Each structure stands twice: as structure tokens, then as C-alpha cells.
Amino acid sequence: MNDIHILVVDDEESMRGFLTLMLKKEGYIVESAQSGEEALQYIENKIYDLVISDIQMGDGINGVELLKRIKSISEDTMVLLITAYATVETALEAFREGAWDYLMKPFDVNEIKIKIRKAIDKRQLEDEVIRLRKEVSDKYKHQNIIGKDNKMQQVYALIEKVAKTDAAVLITGESGTGKDLVARAIHFSSTCKDGPFISINCPAIPESLLESELFGHMKGSFTGAVQNKKGLFEQANEGTMFLDEIGELPLQMQVKLLKVLQDKKFRRVGGMEEITSNFRLICATNRDLLNAIEENRFREDLYYRINVIQIDMPTLRERKGDIPLLVEHFIRKYQGRTEKQINGITREALAIIMDYTWPGNIRQLENIIERAMTLEYEDKITIDSIPEKIKNSAQKFDKIELGDNGLDLKEYLDKETKRYLIYALKMTGGVHTKAAKMLRMPVRSIRYLIEKYDLKDITLEELE
Ligand SMILES: Nc1ncnc2c1ncn2[C@@H]1O[C@H](COP(=O)(O)OP(=O)(O)O)[C@@H](O)[C@H]1O
Ligand SMILES: [Mg+2]
């Protein structure tokens, strides 16, 4: 649980002292101010969970006025008002302005303790429910990493291994290979699985807002900072911070991130308070960071910080054997979303899908299956609902098998030419004119090739 920060505001010293002491004993972090003006200074510089304020305070800002100002600076801060001169009107006004509650002096100490405890618990519970609701869907997502290929087995082994540590992980791989999925899998099998999983897609946030998103900000620190706001690093406390597409992070932010990772401390934009946050860092990129370092677009020192353990995601074309499994998985996933019940895929359609090179990897495969399932008239996905582009491309590369070692094309074509030539001679009883016709070339060329491959003196039997 995060620390709870409370500000006590009262012009009467004995009351201030009493409340402060009592709340500290309850385990809260408590500060106090002796006037509304002083309280505002505190509130501008720090985010409090609760402010307890007297309504009547000398000639300065009164409690209700303070309440209004707090709400305009830091909406989420709860305000509890205390007064000896309660009237129905002030109470109503306080509630209208967003007060959380209202107490009359003299009050029962136990009553106030319980009230505060309940409010804080309720607030934390609400935050927790919102978070859990989100995480249930996140969690559901990660249970379905599909793939039996060796390269995926290695990924699973690494996930298990890093989950036991709090080392920074860098997930690399082309777009759509499952980096997001793996980041969640690590979080939900790690020791911080009960903490939050906070993710941010770096290029999706304009550079000017990135800092305040990550670090939080205080009201008025820049145009548009209309409220005090906690940043993502702070929210990730006791959980996982996932920085997606870290290769796109502007250099200036790289410096700031490095500092956070080194110090584990930072300040909100426009804030004085030092915030500590304890999170596990996972980064992902589809860019070659080493190359980016060479080109001075990525800091080498940051690279070593974020890349304690690297998980490299295989492309889909490197693990084509997993395609049938994935197709089946996506058919099941999208079943029931259309009126028509689609329960499989035809052999021809699967063959085309297996042949394709999938530059967009699993994301692209998923899209194609989803699309096919909405377009298909049969109860299985047929070639009719597969986009032309994929069909054409599959035919274009039909039967080509190029391994990691590549191939000597000239030598290969030479061998194939010889093979076809011998076959044609065999089929035509060695009659050059007929063989030439069969291979659609001039007799002259056939003779040349016979010479070239040393087939001149070969007998028909030998051709067998
Ligand atoms: N191994 C997998 N098994 C099942 N679905 C996957 C797998 N890998 C990726 N996906 C799905 O493909 C889509 C893209 O994955 P994502 O993790 O966002 O890729 P990346 O972050 O690498 O671009 C998501 O809908 C995800 O659920
Ligand atoms: Mg992603």
C-alpha cells in the first residue's frame, strides 16, 4: 500500500497539534498549516489524499473557500471540514463544493479516527477495483500465448526465469510478434503480480506531454496543467512499468529516464517533493537499438540499464509450424462474434496462409482471420475470404524454400536445367527436335546444352 498523506489546517495550535499527533499514531504521513493561505502553498506543491480543515480561521481564507481552491487544484484530494459554529447553510455549501464530510466541534476522537479510516479504505478499495477490473482483462490476455516452436519454448523459459527476478527486461522483435503479450506474462507471473501493470506507448504521446505523463505534474506548471496529477511512474509503484517502443523515446527523455532508474527518485513537473517509486521495468522495441546507438539516437548507458535480460521474439515466418495452432486459436476467439458459426478452415486456405510471409506477424494473421470470419459464407474459412494480396503473394513464392544459409542461385538453376533436359530427352527417346519442342527452345540451344552438360555420348539406357 502506498503512504497516505494528510494535511491538517487550523489556526488554533492546540487543535492542530492534537490532530497531527493522533493521525501520525494511526500511521499516516501528516503535515500541518496554520492558515488557509499556508495550506494552499502546501497543496500547490504536493498531492494530499486528505485535507482536514477548520472552517473559521482568523481573517484569512476560511475552510469553505479553501475547499473550493483545493478542488480546483487537486480534484481527487478529499476534504473534511471542522467547525464549532455549524449552521445548516455552511454544511450544505461545503457539500455542494465537494467536501467529503463535515464535523462539529467538540468531536469524539474515536469517531474521527474511524471516519478517516473508512474513507481512506474506501478510496483505496475503489482504486483497487478499477485496477483489478483492468487487470482481469489484461490477465486473460496473457494466458493465451500460442506456439510450440522451439523458439517460443525458449521465450517461455525466459519468461519464467525473469519473473523470479526484478531485473530490467528488454523485449525485441518485429511489430506484431507478441511483445506486449510477453510483457504482461512476465508481470503476472512475477512477485509484483498483485501490483499494477502500467503501460505506455512512447510514440503515442506527444513529446511535450511525455514528461508530465511519466512524472506527473503540479497545477499551473505549464499551460494545460489544470490539476495536480500523479504520473505513471508513481502509479507503477510496487508493480511493473512497461515502456513500449522505447526506441522512439526522445533523447531528452532518455536522460531523464536514466536518472529515475539510477536514483529511484524523481520530482513531478513543477513539483518540489521527491517521489520514490519502486517498480519493475520492462521495455519493448521493434527497432535495432544498437544501430540507434551508433547513430546517436539512443543512449548507450540507458541501453545497458534497460537491457539486463533480453527476450527476442521470433517472427511468424520463422515459426510457420505454429500457424495452424494460431489460426485455430483465432477462429475460437472470434467465434460467436458473427451470426454465422465458423468452425474451421479449408486445406487450400490454410496452405495459402502457411505460404505467406506475414510481414505484420501474428497481429496481421489475427486481422486476416477476423476479417475472413466476417466475410465467409461457408462454415469454414475458404480461399474466397482471403485477401487477393495474400493469395497472389503465396503463389508467387510457391515452392520456394530459402533457409538461413541462402542458396547459390546460379548453381541451382544449372542443376535444374540439366535435370529438365535429361527428362525431356528421356521422354522423347533422345530425339533432339522433339525435346527442343517440349522445352520450348530452338534445337540449336538443346545441342548447346547437351554439349555443356556432357550428355552427347550418353545412351538412352544411361538416361534411365
Ligand atoms: N503467441 C501468440 N499467441 C496468441 N496471440 C498472439 C501471440 N502473439 C501475439 N498475439 C496477438 O497478436 C496481436 C499483437 O501482439 P502484440 O503483443 O501487441 O505484438 P507487439 O507488441 O510485438 O507488436 C495481439 O492481439 C496479441 O494478442
Ligand atoms: Mg506492442
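Order of listing sets the numbers, starting from 1, for every ligand and every atom in it. Quick caveat, the model's predicted, so the values are computed rather than measured.
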Indicate whether the side chain of [X] and that of [Y] have a donor and an acceptor atom separated by less than 3.5 Å.
X      : Y      : value
Ser175 : Arg363 : yes
Thr177 : Asn361 : no
Asp414 : Tyr453 : yes

With nothing but distance in play, are any N or O atoms of [X] less than 3.5 Å from an N or O of ligand 1?
X      : answer
Ile145 : no
Met152 : no
Lys333 : no

Salt-bridge test for Glu370 and Lys333: reply yes if a basic N is under 4.0 Å from a carboxylate O, no otherwise. no
Between Glu388 and Lys391, is there a side-chain N and carboxylate O pair less than 4.0 Å apart? yes
Side chain, backbone, both or neither: which part of [X] has a heavy atom under 4.0 Å from ligand 1?
X      : answer
Leu326 : side chain
Met313 : neither
Arg319 : side chain

Minimum heavy-atom distance Lys179-Asn286, with the two atoms named: NZ-CB, 4.1 Å
Suppose I only count heavy atoms of Leu181 and a 4.0 Å limit; which atoms of ligand 1 are within that range? 2 (C), 5 (N), 6 (C), 7 (C), 8 (N), 9 (C), 10 (N), 17 (O), 27 (O)
Atoms of ligand 1 less than 4.0 Å from Ser175 heavy atoms? 23 (O)
Taking the minimum heavy-atom distance to [atom], which of [options] ranks first?
atom                    : options                        : answer
atom 24 (C) of ligand 1 : Gln364, His329, Glu366, Arg184 : Glu366
atom 20 (P) of ligand 1 : Ala183, Gly360, Gly176         : Gly176
atom 16 (P) of ligand 1 : Asn367, Asp180, Leu316         : Asp180

Decide whether a cation-pi geometry holds between Lys161 and Tyr156; the criteria are a distance under 6.0 Å from NZ or CZ to the six-membered ring centre and an angle within 45° of the ring axis. no
Aromatic ring proximity, centroids under 6.0 angstrom, His217 and Phe222: yes
